[in-house]
Amino acid sequence: MGFRCFLFDHDDTLLPTFELRARALTAAAREVLGDDRMDAAGILAASHGRTLEQMADDLTAGDAALAARAVAAYRRHYYVLNRTGLAPFPGIPGALRGLREAGVRVGVVTSKLGSGARDELDRTGLAAHVEHLTAADDVRTPKPAAEPFLRAMAALDARPEHTVMVGDTSADILGARAAGVASAAALWGARDRDALLALAPDHALETPQALLALA
């Protein structure tokens with residue numbers, strides 16, 4: 001018997017948002033910090049799934065007011081950029097459909113705000129395959145803490161031993177471990193596959209189609 005509950009990261013696991021996020025971070029840095037040379041892609045790749053608020057705190061050396069402005073600017077730019085051209089990774093819709101047809105419970109655990117994640121799932125047609133979403137604003141301690149994973153499993157009536165977390169960052173692998181669930185590296189979306197594999201996930205998946213073999 002395979003896993004009966006699959007939890008998925010959102011950004012760069014279900015939807016390829018990295019370039020959009022890098023563009024939004026570049027625009028926010030220019031607008032709020034006056035920084036025209038920020039390596040936004042490098043910062044995002046090194047964030048390992050941390051929340052936007054955590055990254056903003058780093059970028060502003062702990063200046064809470066400036067960090068809040070940077071977060072607001074980022075979201076304003078991002079939610080304009082994501083209105084066109086956003087589509088799931090090839091194979092993701094079919095894999096999610098196959099999991100649901102096999103009777104598997106499917107949830108999303110993300111460091112994104114719930115409103116933004118739900119809107120993207122709706123607009124890309126993935127919401128029909130997702131039963132539950134736990135977002136950063138639903139918990140006190142986001143990934144890689146265990147709390148969001150435990151919350152999602154409770155909502156889906158799933159046991160840890162029957163659950164696998166699928167994601168592209170260390171926050172997903174380490175968070176799964178903290179929650180006592182299996183982990184699967186989503187290598188199709190990973191920016192640093194070697195670093196992800198170095199964490200020894202329980203499963204390493206090259207394509208979304210490989211998900212079906214775990215059910």
Side-chain angles (χ1 to χ4, degrees), residues 1-15 17 44-55 89 92 95-96 99-100 102-118 120-121 126-127 129-206 208 210-215:
M1 178 179 176
F3 295 108
R4 306 314 299 157
C5 177
F6 281 63
L7 302 178
F8 289 89
D9 176 50
H10 181 96
D11 290 309
D12 296 310
T13 296
L14 297 178
L15 299 170
T17 63
L44 285 177
S47 72
H48 304 297
R50 299 173 75 223
T51 67
L52 176 60
E53 287 79 5
Q54 289 169 332
M55 286 190 288
F89 280 104
I92 282 292
L96 294 185
L99 291 174
R100 295 294 291 124
V104 170
R105 311 299 300 268
V106 173
V108 170
V109 176
T110 179
S111 294
K112 222 180 183 82
L113 288 182
S115 58
R118 291 184 180 90
E120 290 185 333
L121 292 176
L126 296 184
H129 309 301
V130 174
E131 297 179 81
H132 171 80
L133 183 144
T134 291
D137 47 333
D138 293 321
V139 296
R140 292 187 178 185
T141 51
K143 296 187 292 186
E147 182 186 357
F149 304 92
L150 298 176
R151 184 181 191 277
M153 284 189 288
L156 294 168
D157 193 26
R159 297 179 61 84
E161 62 268 28
H162 298 155
T163 300
V164 61
M165 173 65 193
V166 183
D168 67 296
T169 72
S170 62
D172 302 310
I173 306 305
L174 297 177
R177 195 166 294 156
V181 308
S183 59
L187 296 177
W188 61 85
R191 305 303 294 190
D192 188 343
R193 58 182 289 138
D194 290 340
L196 197 61
L197 291 173
L199 296 173
D202 298 298
H203 305 275
L205 309 180
E206 295 287 350
L211 290 161
L212 297 175
L214 299 182

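- Between L196 and G167 the shortest heavy-atom distance is CD2-O, 4.1 Å.
- Partner of K143 under the salt bridge (charged side-chain N to carboxylate O under 4.0 Å, His left out) criterion, chosen from D138, D168, D172: D172.
- Between D202 and A182, the shortest heavy-atom distance links the atoms OD2-CA, 3.3 Å.
- Within the 4.5 Å cutoff, the side chain of H129 has no heavy atoms near those of the V106 side chain.
- Listed here is the closest heavy atom pair of L15 and E120: CD1-CB, 3.8 Å.
- We find that K112 and D11 are joined by a salt bridge, their nearest charged nitrogen and carboxylate oxygen being less than 4.0 Å apart.
- Using a 4.5 Å heavy-atom threshold, the side chains of M55 and L44 count as touching.
- Between F3 and F6, the ring planes lie perpendicular to each other; the angle is over 60°, past the 30° to 60° tilted range.
- Salt bridge E131/R105: present, at least one basic N to carboxylate O contact under 4.0 Å.
- Of the possible polar contacts, none joining the R177 side chain to the V181 backbone as a donor-acceptor pair under 3.5 Å is found.
- Here H203 contributes atom NE2 and I173 contributes atom CD1; the two are 10.5 Å apart, rounded to the nearest 0.5 Å.
- Side chains of L212 and L99 form a contact here, defined as non-hydrogen atoms less than 4.5 Å apart.
- Here the CG-CG distance, from L199 to D194, works out to 11.5 Å after rounding to the nearest 0.5 Å.
- Among all heavy-atom pairs drawn from P160 and M153, the shortest one is CA-SD, 3.7 Å.
- For the pair H10 and V109, the minimum side-chain heavy-atom distance is 4.5 Å or more.
- Rounding to the nearest 0.5 angstrom, the gap separating the CG atom in D137 from the CG atom in L113 is 4.5 Å.
- At distances below 3.5 Å, not a single donor-acceptor pair connects side-chain atoms of W188 with backbone N or O atoms of F89.
- When side chains are defined from C-beta on, L211 does not count as touching V164, because their heavy atoms never get closer than 4.5 Å.
- You'll find the side chain of T13 stays beyond 4.5 Å of the side chain of V108, heavy atoms only.
- Between S111 and T51, the shortest heavy-atom contact is CB-CG2, 4.0 Å.
- Within the 3.5 Å criterion, the main-chain N or O of L14 finds no donor-acceptor partner in the side chain of D9.
- Using a 4.5 Å cut-off on side-chain heavy atoms (C-beta onward), T163 and L7 make contact.
- Distance check: C5 SG to L156 CG gives 5.0 Å after rounding to the nearest 0.5 Å.
- With rounding to the nearest 0.5 Å, the separation of OG1 in T110 from CZ in R118 is 10.0 Å.
- The two residues R193 and L187 make their nearest non-hydrogen contact at NH2-CD1, 3.6 Å.
- Here R159 contributes atom CZ and R4 contributes atom CZ; the two are 15.0 Å apart, rounded to the nearest 0.5 Å.
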